Undergrad: 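Would you mind keeping the following structure in view while I ask a few things?
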Amino acid sequence: MKNHTYKLILLLIISYSYMNAQERVAISKMEAQTAVKENNQTLKMSQEDFIQARADFRQTNAVFLPNITASHTGLSTTNPLMAFGSKLNQGILTASDFNPDLLNNPDAVQNFATKFEIQQPLINMDGFLQRKAAKSKMDAMSLKQERTEDYMVFEVDKAYMQLQLAYKGVEVLEKALLTAEANYKMATDNFNQGYLQKSDLLAVEVRVTEIQNQLQIAKSNVQNGSNYLAFLMDANQDLIYKPTDSLQVENLNDFNETAVAEDRSDIKAMAMATDAYKTMYQADKMTFLPRLNAFGSYELYDEHIFQAGSNGYVVGAQLSWDILNGTKRFGKAQKSKSEYQKSQLEYEQYVSQSQLELNKAKRMLVDAKNKLGLSKLAMEQSEESLRIRKNRFEQGLEKTTDLLMSETQYAQKQLEYYQTIFEYNYAQSYVQFLTK
């Protein structure tokens, strides 16, 4: 048993040395929240989603703005029709060019054409609605980005509280270990003087070992909590963070809301996404209507490159109507209708699920609040019981097992009390997140 104890002590020393070798950084909850808002990868990805949605919306400017192109083409041809047309465009036709022999067998003609084209949409109903859908999607992404930030703030709050709880666990167990070691020394002295049985001494030694094991796990929890906090902040995970804010009961605002607010950013985002699907369905139905577009071009021709011996222009408007495109448009409209109906169901389900979470969180808050006073009272009672038993043990009036039981119970009640504080603060934070 002694050899086993020495090994555990050696392991604790190694672990303690390793943790001390790592740089410890004090951090407040506000500093952690700020770091998450600035560096968190999830928030950055959410921002990129919004940028993509905004870019999609900007592409729909093509519904209003013209499409302008410029080109310069050079060719050499003996094709009768193209040769005659090239000369005609260049304005160099002569009477001899109407000779049938030359018309049928022309010499090679060079033609260089510079052309500026413009296409201006006038009436494009499906395009207008697609633009409206893209705007709804962009707004939804903006709200989603806002809700993602709220969630990450809530997540860093939880991680910070977990780290506070881990440090409290280490603090409680370190004190318990000092007490257990002092009792072990006392028990050893009593055993050497013949006042204590071997079995009682072994029981005290086992208790020391148990606390050492628990302390090792508690220190691992500190490292785990610190690593997760660093992950959220996108910081160096080799650092060990130590909260500057102590774990204590926080009293936030009263939560009187009984229903989930429809203006909550994520719910509004879901509603806007549904509107986007609805608008896309309407746009697909509008593809059955004709489109009206204006067009124009200005052309420069010459037999030499980059010259403009002749010019001309074309302007006009086109009314086009795809009367039948197989069944493609019918199928597309049916699909978009189904997507719209599905999004409606998803919205209703999301609101219902959010209400379920809120109800559950408020009950959790009430339970944690009721448990808080009881756990504090139990801790105080176990502390007083330990004090009495320890005094009686020193006087030889208490059994070793009873003392060990009181020590164990006091340590457990301390840990339970701090766990209850965490649960209460977490429940408040969660309800605040759900009602924000």
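Keep in mind the model is a prediction, meaning the values are calculated, not measured.
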Undergrad: With no hydrogens and no angle check, just 3.5 Å: does a side-chain donor-acceptor pair link N359 and Q355?
TA: yes
Undergrad: Does a donor on one side chain and an acceptor on the other come within less than 3.5 Å for S406 and R389?
TA: yes
Undergrad: Output, in order, the C-alpha distance, side-chain angles, deciding distance and verdict of side-chain contact (heavy atoms from CB on, under 4.5 Å) for L165 and Q162.
TA: CA-CA 5 Å; L165 181 61; Q162 288 174 334; 5.6 Å; no
Undergrad: Are D49 and Q145 linked by a side-chain donor-acceptor pair shorter than 3.5 Å?
TA: no
Undergrad: Identify the two heavy atoms, one from A26 and one from T244, that lie closest to each other, and give their separation to 0.1 Å.
TA: CB-CG2, 3.6 Å
Undergrad: Can the ring centres of Y418 and Y167 be said to be less than 6.0 Å apart?
TA: no
Undergrad: Just so I know, are the side chains of T73 and K115 near enough to count as touching, which here means a heavy-atom distance under 4.5 Å?
TA: no
Undergrad: Testing M152, Q41, K158 one by one against L232 for a side chain to side chain contact (heavy atoms under 4.5 Å, CB included), which residue passes?
TA: M152
Undergrad: Do the charged groups of K335 and D284 touch, with an N to O distance under 4.0 Å?
TA: no
Undergrad: Would a 4.5 Å heavy-atom cut-off, applied to side chains only, mark K342 and E339 as touching?
TA: no
Undergrad: List the steps, then state whether side chain to side chain donor-acceptor pair (under 3.5 Å) holds for Y417 with E380.
TA: CA-CA 10 Å; Y417 174 63; E380 293 172 349; over 6 Å; no
Undergrad: Got a second to check how far N311's CG is from L300's CG, nearest 0.5 Å?
TA: 6.0 Å
Undergrad: Spell out, as yes or no, whether a donor-acceptor pair under 3.5 Å connects the side chain of S336 to the backbone of K332.
TA: yes
Undergrad: Contact between K337 and Q341 at the side-chain level, heavy atoms closer than 4.5 Å - yes or no?
TA: yes
Undergrad: Treating T420 as the side-chain partner and E416 as the backbone partner, does any N or O pair qualify as donor plus acceptor under 3.5 Å?
TA: yes
Undergrad: Are the aromatic ring centres of F154 and Y430 under 6.0 angstrom apart?
TA: yes
Undergrad: For F64, is the CZ atom crowded, meaning more than 12 foreign heavy atoms sit under 6.0 Å from it?
TA: yes
Undergrad: Quick one: pull up CD1 in I240 and CG in N227 and give me the separation to the nearest 0.5 Å.
TA: 6.0 Å
Undergrad: Compare all side-chain heavy atoms of I211 with those of E181 and state whether any distance is below 4.5 angstrom.
TA: no
Undergrad: Tell me if the CE atom of M405 is crowded by more than 12 foreign heavy atoms within 6.0 Å.
TA: no
Undergrad: Please report the interatomic distance CD1(I217) to CG(N224), rounded to the nearest 0.5 Å.
TA: 11.0 Å
Undergrad: Could you tell me the separation between the CG atom of L292 and the CD atom of Q318, rounded to the nearest 0.5 Å?
TA: 9.0 Å
Undergrad: Give a yes or no answer on whether the side chain of S429 reaches the backbone of N425 with a donor-acceptor pair at less than 3.5 Å.
TA: no
Undergrad: Quick check against the 3.5 Å criterion: does Q130 have a side-chain atom that pairs as donor or acceptor with the backbone of M125?
TA: no
Undergrad: Determine whether a donor-acceptor pair (N or O, by modelled atom type, separation under 3.5 Å) exists between the side chain of Q90 and the backbone of Q110.
TA: yes
Undergrad: Decide yes or no for D56 and M138: does some side-chain heavy atom of the first lie under 4.5 Å from some side-chain heavy atom of the second?
TA: no
Undergrad: Determine, step by step, whether V314 and F295 satisfy the side-chain contact (heavy atoms from CB on, under 4.5 Å) criterion, reporting the C-alpha distance in whole Å, the side-chain angles of both residues, the deciding distance to 0.1 Å, and the verdict.
TA: CA-CA 8 Å; V314 176; F295 61 89; 4.2 Å; yes
Undergrad: Answer with yes or no whether the side chains of E117 and S297 bring together a donor and an acceptor at under 3.5 Å.
TA: no
Undergrad: Roughly how far, to the nearest 0.5 Å, is CD of Q349 from CE of M270?
TA: 8.5 Å
Undergrad: Taking 4.0 angstrom as the limit, do K44 and E48 come out as a salt bridge?
TA: no
Undergrad: So, Q164 side chain and D245 main chain: donor-acceptor pair closer than 3.5 Å or not?
TA: yes
Undergrad: Do Y151 and L43 come close enough that some side-chain heavy atom pair is under 4.5 Å?
TA: no
Undergrad: Applying side-chain contact (heavy atoms from CB on, under 4.5 Å), run through I267 and Y347 and close with a yes or a no.
TA: CA-CA 8 Å; I267 294 179; Y347 172 77; 3.8 Å; yes
Undergrad: Does R329 reach the side chain of D322, with side-chain heavy atoms less than 4.5 Å apart?
TA: yes
Undergrad: Would one find more than 12 heavy atoms of other residues, nucleotides or ligands at under 6.0 Å from atom NZ of K132?
TA: no
Undergrad: What pair of heavy atoms forms the shortest contact from Y340 to T274, and how long is it?
TA: CD1-O, 3.7 Å
Undergrad: Is it true that K135 and D139 make a salt bridge, defined as a side-chain N closer than 4.0 Å to a carboxylate O?
TA: yes
Undergrad: Does K29 pair with E250 as a salt bridge, N-O distance under 4.0 Å?
TA: yes
Undergrad: Give me the atom names and distance for the closest heavy-atom approach of P121 to P66.
TA: CD-CA, 4.5 Å
Undergrad: Can any side-chain N or O of S220 pair as donor or acceptor with the backbone N or O of Q216 at less than 3.5 Å?
TA: yes
Undergrad: If I take atom OG from residue S136 and atom CE from residue M280, how far apart are they, to the nearest 0.5 angstrom?
TA: 11.0 Å
Undergrad: For a side-chain contact (heavy atoms from CB on, under 4.5 Å) check, start with the C-alpha distance between R387 and E383, then their side-chain angles and the critical distance, and finish with the verdict.
TA: CA-CA 6 Å; R387 187 188 66 80; E383 182 181 13; 5.9 Å; no
Undergrad: Between E357 and K360, does at least one N-O distance fall below 4.0 Å, as a salt bridge requires?
TA: no
Undergrad: If you look at every heavy atom in F128 and L122, which pair is closest and at what distance?
TA: CZ-O, 4.0 Å
Undergrad: Looking at side-chain heavy atoms only, is the closest gap between T148 and T42 below 4.5 Å?
TA: yes
Undergrad: Is it true that the side chains of R131 and T60 contain a donor and an acceptor less than 3.5 Å apart?
TA: yes
Undergrad: Can you check whether R58's main-chain N or O pairs, donor with acceptor, with N61's side chain at less than 3.5 Å?
TA: yes
Undergrad: Would you name the heavy atoms of I305 and H72 that are closest together and state the gap between them?
TA: CG1-NE2, 3.7 Å
Undergrad: Report yes or no: does T287 contribute a side-chain atom to a donor-acceptor pair with the main-chain N or O of A283 at less than 3.5 Å?
TA: no
Undergrad: Which atoms form the tightest heavy-atom contact between D263 and K268, and what is the distance?
TA: O-CD, 3.1 Å
Undergrad: Taking N124 for the side chain and R291 for the main chain, is one N or O donor matched with an acceptor at less than 3.5 Å?
TA: no
